[in-house]
Amino acid sequence: MKKFQLLIILLISFTVFSQKQIFESPNLKTTIATHKTIAILPFTVKITYKKQPKNFSAEGNKAQEEKMSNSIQSSMYTFLLRKADNYFVTFQDVEKTNILLKKAGLLNKLDETTKDELAKTLGVDAVIGGVFESEQTKSEGAAIATAIVFGGFGGKTGTGSLTMTINNGKDGELLWRFFKTMDDNINASTDDLVERMMRKVSRNFPYQK
């Protein structure tokens, strides 16, 4: 009976954390047909804790968020480069993107700048951006212990959601939005996180040939 209850809980968990939502603007197809170069912005990352750790440091948490922000940006660029033959647009090198943003004094003011202003600064036709939010619900040690008992199902240390958007460079219009909830696994790197998301995105990614 207990095993059956555990299986039901696991199945519900997989259903919940596989949810995704996709928005497409009515102008999507006609607008992206004119696009040639796309920039990928650093993602906004928010890391919170269901129960704040004893050794929690606000500065350390902020540094972790900034590091993951750049990691997601870099991982997404790498993924898109690997699949470059599948798309009819090119993607601006993220190092160039960040240098241009830094020179313009916008790298730390992305939330205060409109998407069309960012696109103009970067000299691109559209910008990809997004938000990753993670709530840590279990310590890494506890997650490892659970993984030993229940196998691969036990590695979850928290829950997360990732939103990816594409905004038109000319007027900043939101053309496309992808939202997905997911488990945060102790063994998952940022590359794994982006890989998982982009596999789900790939069928609906508007720049697909």
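The shortest side-chain heavy-atom distance between Thr97 and Gln73 falls under the 4.5 Å cut-off. With contacts defined as side-chain heavy-atom distances shorter than 4.5 Å, the pair Ile166/Phe205 qualifies.
Rounding to the nearest 0.5 Å gives a distance of 6.5 Å between OG1 of Thr34 and CG of Asn168. Leu174 CG to Lys115 NZ: the interatomic distance, rounded to the nearest 0.5 Å, is 9.0 Å. Considering CG of Leu80 and CD1 of Ile128, their distance stands at 6.0 Å, rounded to 0.5 Å. The distance from atom CG of Asn98 to atom CD1 of Ile40, rounded to the nearest 0.5 Å, is 10.5 Å. Phe23 contributes atom CZ, which lies 8.5 Å from atom CG of Leu28 (distance to the nearest 0.5 angstrom).
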Please list, one pair per line, the donor and acceptor atoms closer than 3.5 Å that link side chains of residues 81-88 to other protein atoms, with sequence neighbours excluded.
from	atom 1	to	atom 2	distance (Å)
Arg82	NH1	Glu195	OE1	3.1
Arg82	NH2	Glu195	OE2	3.4

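Here the side chain of Ser71 pairs a donor or acceptor atom with the backbone of Lys67 at under 3.5 angstrom. In this structure a side-chain-to-backbone donor-acceptor pair under 3.5 Å is missing from Gln92 to Thr37.
The two residues Met76 and Met164 have their closest heavy-atom pair at SD-CE, 3.8 Å.
Partners of Ser69 by side-chain contact (heavy atoms from CB on, under 4.5 Å), not counting sequence neighbours, listed by chain and number: Pro42, Val45.
Hydrophobic cluster membership is shared by Ile22 and Leu162, with clusters built from Ile, Leu, Val, Met, Phe, Trp and Tyr side chains linked at under 4.5 angstrom. Under the 4.5 Å side-chain contact rule for hydrophobic residues, Phe79 and Phe132 share a cluster. Linking Ile, Leu, Val, Met, Phe, Trp and Tyr residues whenever their side-chain heavy atoms come within less than 4.5 Å places Ile47 and Phe43 in a single cluster.
Sorted by first and then second residue, the side-chain hydrogen bond (donor to acceptor under 3.5 Å, both in side chains) pairs with a member in residues 100-114 read Thr114-Asp116, Thr114-Glu117; sequence neighbours excluded. For residues 107-126, no pair satisfies ring-ring contact (aromatic ring centres under 6.0 Å, His included), with sequence neighbours left out. Applying the salt bridge (charged side-chain N to carboxylate O under 4.0 Å, His left out) rule to pairs touching residues 120-133 yields nothing, sequence neighbours excluded.
Ser25 and Glu173 are linked by a side-chain donor-acceptor pair at a separation below 3.5 angstrom, with hydrogens and angles left out of the test.
Other cluster members for Leu41: Leu100, Leu101, Leu106, Leu107, Leu110, Leu118, Leu122, Val124, Val127, joined by side-chain heavy-atom distances under 4.5 Å among Ile, Leu, Val, Met, Phe, Trp and Tyr.
A 6.0 Å sphere centred on NZ of Lys209 holds more than 12 heavy atoms belonging to other residues, nucleotides or ligands.
Ring geometry for Tyr207 versus His35: interplanar angle of 30 to 60°, hence tilted.
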